[in-house]
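Step one of this worksheet: look at the structure below.
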Amino acid sequence: MQMHHAKRVEVIIEAVMEKQVTRALEEAGVTGFTILPVLGGSGRSGRWTREGTVGRATGMIAVICLITPSRLDILLEALFPVLDEHIGVVSVSDTHILRAERF
Amino acid sequence: MEQILSLAGQNLLSPVILFFVLGVAASLARSDLTFPEAIAKGMSLYLLFAIGFKGGASVAQHGADISLGLAVLAGVVLSFVLPFVAFVLLRALARGVSTIDAAAVAGHYGSISIVTFVAATSLLTAGGIVHEGYMVAVAAAMEAPAIVSALWLATRGGAGGRMDGDLWREILLNGSIVLLLGAFAIGWITGERGMNEIAPFIVAPFKGVLCLFLLDMGIVAGRELRAAGRIVTPGVVAFGLTMPLVGAGFGLAAALLLGLSAGGVAVMMTLSASASYIAVPAAMRVALPKANPALYLTLALGITFPFNLTLGIPLYMAVAQTLTGG
């Protein structure tokens, strides 16, 4: 089975910024992404959890996308203005994918 | 004073308040008692739906006149004005608070806590004190204008803040407002007939669901207090306890000018005394991301909300009854 080198970009960001982040991904030419809810975690402000919360102000989401290495810089440049002032983490890792033509 | 203490005593011994206290105590004691997020949101949707519908049905039953429009207008004005009062008071009491943090907090105190509103109307109903059904519309109208005032304060102080399409959508189309106003409109349109059709769902179970929801809110409030740490300075606490009384004073003045009933005066005072911790925090994360969410969430949820629930509402009820003779 032929595999192709790709970049996995994971953005853990405040839930209220979901639309802005996904819009930036789409404008950068990302063909698809996955949004996962984050149950809780810990950061500079201490531990937090989604348990029992009602509003979106305290929640985080993880947005994951796969992209060809040649387009990584374009994607990160599109994401930076959206994320700069908000609570969140961006990580990039190497991965391999099937059906590279879909990315 | 006796009436206030008597009302406070009755209030504190109501199941609604006791479940909130249980939640706070459980959280402070680090119990693992929690509600799944989906259930908390489900209860919130139910309460908004029920309170909105009942308000609309009440307006249908009693009729709407110019007093509805005037009360909504008064609510909008209060929501625009109270952030300026809160901003000045916070900066005076807690001198270390930055402009942007003070502006963000101010936005919360100009807006309203729908849960405090629900608790107040529930206690009024339990006490046989009637209030105008359209106060639901006043509550919905008071959610958003404060955010505009807060952004103006932040911008004027050089702290930035952007009003773009995303923020307007967050402010005007957030789920709480859409459901509250939508249910209010449907209750108004369908009136007594609609009320009879769904009363078994929104009348009898209401208080039980409210108890569970306030248990959850107590857990979350306790969690905020535990995590507050160095943010909770004496000045910040003083603000959290003083601003509700100041806001209630403004609400009282507006309500008396409008000639509201005793219950209506109490509700207007409660709305003006409360601070948002659902809709406005989300808007502030978008508009003023550099503002410290720990400060405004701790104030709104950890200090002011418990104060209003336990001592504030009985005080506002007593003052309202005393001044209106109701």
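Bear in mind the structure is a predicted one, so any value in this text is a computation, not a measurement. Proteins come first, then strands; the chains are lettered A, B, ... in the order of their sequence lines, and each starts at number 1.
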Q) Which atoms of E51(A) come close to chain B, meaning under 4.5 Å heavy atom to heavy atom: side chain ones, backbone ones, both, or neither? A) both
**Q.** Contact class of M217(B) relative to chain A, heavy atoms under 4.5 angstrom
**A.** side chain
Q | Aromatic ring pairing Y109(B)/F239(B), orientation class (parallel under 30°, perpendicular over 60°, tilted between) | A | perpendicular
Q) Centres of the H5(A) and H96(A) rings: under 6.0 Å? A) yes
Q.
Tell me whether K7(A) is salt-bridged to D94(A), with the criterion being a basic N under 4.0 Å from an acidic carboxylate O.
A. yes
Q.
Less than 4.5 Å to any heavy atom of chain A: does that hold for the side chain of Y277(B), its backbone, both, or neither?
A. neither
Q | Side chain, backbone, both or neither of R223(B) within contact of chain A (heavy atoms, under 4.5 Å) | A | side chain
Q: Please flag which part of I87(A) lies under 4.5 Å from any non-hydrogen atom of chain B: side chain, backbone, both or neither.
A: both
Q) Quick one: does NZ or CZ of K54(B) land under 6.0 Å from the six-membered ring centre of F49(B), within 45 degrees of the ring axis? A) no
Q) Between I39(B), L45(B), I278(B), which has the largest tally of heavy atom pairs under 4.5 Å with chain A? A) I278(B)
Q: Please lay out, stage by stage, how V90(A) and E10(A) fare under the test side chain to side chain contact (heavy atoms under 4.5 Å, CB included).
A: CA-CA 6 Å; V90(A) 180; E10(A) 182 171 292; over 6 Å; no
Q. Hey, mind stepping through F206(B) and L47(B) against side chain to side chain contact (heavy atoms under 4.5 Å, CB included) and telling me if it holds?
A. CA-CA 7 Å; F206(B) 184 83; L47(B) 292 171; 3.6 Å; yes
Q. Heavy-atom distance under 4.5 Å to chain A: side chain of L297(B), backbone, both or neither?
A. side chain
